Number of protein chains: 4
Amino acid sequence: MTQPREVREAIMSAALVVFTEYTYGGTAMAPLAERAGVAVGSIYRHFPSKEALGNAVYRRWKTRLGAHVIDSVAADVADEPIRARFGRMWRGMVAFAVEHPDAFAFLELQQHQSYLDAENAALTERIYAAAGELISAGQARGEIRPGDPTVLMSLAYGAFIGMCASMRGSGLDEERLALSENAVWDLLRCP
Amino acid sequence: MTQPREVREAIMSAALVVFTEYTYGGTAMAPLAERAGVAVGSIYRHFPSKEALGNAVYRRWKTRLGAHVIDSVAADVADEPIRARFGRMWRGMVAFAVEHPDAFAFLELQQHQSYLDAENAALTERIYAAAGELISAGQARGEIRPGDPTVLMSLAYGAFIGMCASMRGSGLDEERLALSENAVWDLLRCP
Amino acid sequence: MTQPREVREAIMSAALVVFTEYTYGGTAMAPLAERAGVAVGSIYRHFPSKEALGNAVYRRWKTRLGAHVIDSVAADVADEPIRARFGRMWRGMVAFAVEHPDAFAFLELQQHQSYLDAENAALTERIYAAAGELISAGQARGEIRPGDPTVLMSLAYGAFIGMCASMRGSGLDEERLALSENAVWDLLRCP
Amino acid sequence: MTQPREVREAIMSAALVVFTEYTYGGTAMAPLAERAGVAVGSIYRHFPSKEALGNAVYRRWKTRLGAHVIDSVAADVADEPIRARFGRMWRGMVAFAVEHPDAFAFLELQQHQSYLDAENAALTERIYAAAGELISAGQARGEIRPGDPTVLMSLAYGAFIGMCASMRGSGLDEERLALSENAVWDLLRCP
DNA sequence: CATGAATGAGGATTCATTCAT
DNA sequence: TATGAATGAATCCTCATTCAT
């Protein structure tokens, strides 16, 4: 806890936990500090404001979650079918949600408009856009059903979030994972 | 505005608007009262607390939204195919979201854990369960793919919410509605 | 204390007292509220911020003090000698300082740059300018010594403030008043 | 900077600058330390508290400013006219204000009651008293007008401060200096 | 001795709720 | 019954001071 890095980590880690449990707006700095094992004032040595802390936590985890999406799109392996790329993206997001359930709940099950900065808004947009490209590419190849890609993306991503929300706590087994992946692919693919 | 009923209505109506715009937590009683055209103190004659008001608003609209779900399930018309019942439910929810965009945004695009009472939690559960029954019935008839009905329901309802969220503002045309209904049905139906 | 006016007055009155004793920056809202006999939150119903309260107090008293200056200049009685007008202004300011020692100490013995708004800065300028006009008029009539009017004004007003500061507490008798008036007039007048 | 003496000097020098710019109360220890090129903690090795530092700075400069006053009084050159001694004192103070504008502004244009210790209060008194003696001596010799010496002193010193305050920034030329010296002497001298 | 991160009391401000009118 | 001013606990943030390295 003596390394500045460690304190910063302790704060970000505690922030994720308490923000996830009580939401950003519902969390006071005092309990957050207590959870991190530091004094309130110490938080302000590492983050200029609660808002900055919220954005730092959001940015860190959204970036990691986005990596799964962006990687799976970027990996433009020659003639790899869209289905395979979708599968990679889906399982990547599932892996993230399973490994970091708090981070996922914080990111996708809560609202952030009130404090998100422009950089984070852009980051969120970028990830959305990357997923949209996968849809468009699939449509171009006749593997994904025609129609407004935004609608399809919202449906698929909404489905993912809905599933994660409902499974939060109970856990996801292989069977359920396969079910949801196949079901959402059927939502997307050309019938 | 002299009838107690009318005042209560004015308050609930104003609450829906401001809660939707600023969220429950982000709304102070003073602007709410101003919007309703009453004094702050008057709100407390009709609702014992902000929490109670939030729950009243939630209950009213969740009940109405739930009616579309429950009705479409209850209407156990002999051998009506599940697809038709799903279509009725889907279009019912869409109609609700289109007719009452504020209410829908309030109900499904915001978080309520911090103040929802047990009754409302149960109500939400009940609606979820009703939708789950439609899934189960469809599975029993071989029309909906096998697997954990909760997963399928979360996927489908999540897709619905995701679509509504992304379309909020821009609006939903017939084409997009048809697209989403078909896509989500393909998510549910036996492949 | 039930009239809003009375509460506002109580707050402004308490503010003058505590600001004078502890300075604006050295005064916390809690003791101020206690002195005014109201809760801290009540202050914010009447003044949007501590800064606004400080400015309101400053404005009120600076306006009153300035009236003595401006009136004595405005009263452009035909051929009234400058000496007479100076005497009126001087005694007016003395009367103010004697009747409202707290207000005078607050206004002239403390610093306000950190919170004064533009309106108050302009007000202060205006009063300074009015006094400057008296000097210029006196110079034009050959009654006040030639030279930069700003310098003469700063000397005279500084002398006034210095005297009031040093007399704060002990009080000013007729003899001392006459002495200071004559001395400052000799500072100004053509030798 | 390795000599304790040098560090102490760096701190006192930085303190004068930042206190003058932001006032004692408006200055935090961190920027003060940064300006001095030392760590915050190091300040506390040389001064037990912010208050002690403020008093040290005040004491140093008030002593130097006071020297001009006290010297001009002490120099009881036989039959030197009071006018000459006043002139020396006046020009001494002007020289100080011109050579050390920050120090003068800090000392005379700011408030120190909130932290000044007894020693500094006594020092201030002593200088005041010394100047008062010059007045009394002048009165005894019939060169300064009769009346309460304290009043005359406050008037004269207030005039000096007022002039310096108003000239801060723009600067004092020879003409204005002569004007002010003569004017204040006319304030003091027997008419 | 110097450092600067950590501390936590204290300050301004907000807002759900109460209650005198 | 309706009003809205009053309340004061709770919030975010600052900063003088301490102390482990």
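Remember, it's a predicted structure, so these values are computed and weren't measured experimentally. Letters A, B, ... mirror the listed sequences (proteins, then strands); counts begin at 1.
- Residue D:Arg64 holds its CZ atom at 16.0 Å from CZ of D:Phe104, rounded to the nearest 0.5 Å.
- Contact of the D:Arg59 side chain with the D:Asp117 side chain is registered, since non-hydrogen atoms from C-beta on lie closer than 4.5 Å.
- Per the geometry, CZ belonging to D:Arg5 stands 14 Å off P belonging to E:dC1, to the nearest Å.
- Rounded to 10°, the helix from E:dA2-F:dT21 to E:dT21-F:dA2 has 10° between the axis fitted to its first five pairs and the one fitted to its last five.
- For the residue pair A:Tyr58/A:Thr124, the side-chain donor-acceptor check at 3.5 Å is satisfied.
- One interatomic measurement links the two molecules: CD of D:Glu34 to P of E:dT3, which rounds to 13 Å at whole-angstrom precision.
- Taking the nucleotide of DNA chain F with the nearest heavy atom to each of D:Met29 and A:Met29, the more 5' of the two is matched to A:Met29.
- Between the CD1 atom of A:Ile11 and the P atom of E:dA5 there is a distance of 12 Å, given to the nearest Å.
- No donor-acceptor pair closer than 3.5 Å links the side chain of B:Asn120 to the backbone N or O of B:Leu116.
- Looking at C:Glu119 and C:Arg126, no side-chain N of the basic residue comes within less than 4.0 Å of a carboxylate O on the acidic one, giving no salt bridge.
- Residues from residues 44-55 of chain D placing a heavy atom under 4.0 Å of any atom in DNA chain F, listed by number, are D:Tyr44, D:Ser49, D:Lys50.
- Atom pair D:Tyr115:OH and F:dT17:P shows a separation of 14 Å (rounding to whole Å applied).
- Residues A:Glu108 and A:Cys164 are not in side-chain contact: their nearest non-hydrogen atoms beyond the backbone lie 4.5 Å or more apart.
- Projected onto DNA chain F by closest heavy-atom contact, C:Ile43 and D:Ala30 fall at different nucleotides, the more 5' of which corresponds to C:Ile43.
- One atom, CZ of C:Arg8, and another, P of F:dA6, lie 12 Å apart when rounded to the nearest Å.
- Going from atom CH2 of C:Trp61 over to atom OG1 of C:Thr20 covers 10.0 Å, rounded to the nearest 0.5 Å.
- Judged by the 6.0 Å distance and 45° axis criteria, A:Lys50 is positioned over the aromatic ring of A:Tyr24.
- Between the side chain of D:Gln110 and the backbone N or O of D:Ala105 there is no donor-acceptor pair closer than 3.5 Å.
- A heavy-atom distance below 4.5 Å is not found between the side chains of D:Asp102 and D:Glu21.
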For nucleotides 8-10 of chain E, give me every protein contact, N/O to N/O, under 3.5 Å, one pair per line with atom names.
residue : atom : partner : partner atom : Å
E:dG8   : N7   : A:Gly41 : N            : 3.4

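- Rounded to whole Å, the distance from CD on A:Glu6 to P on F:dA20 is 17 Å.
- Below 30°, between 30° and 60°, or above 60°: for A:Phe106 and A:Phe19 the angle between ring planes is below 30°, a parallel geometry.
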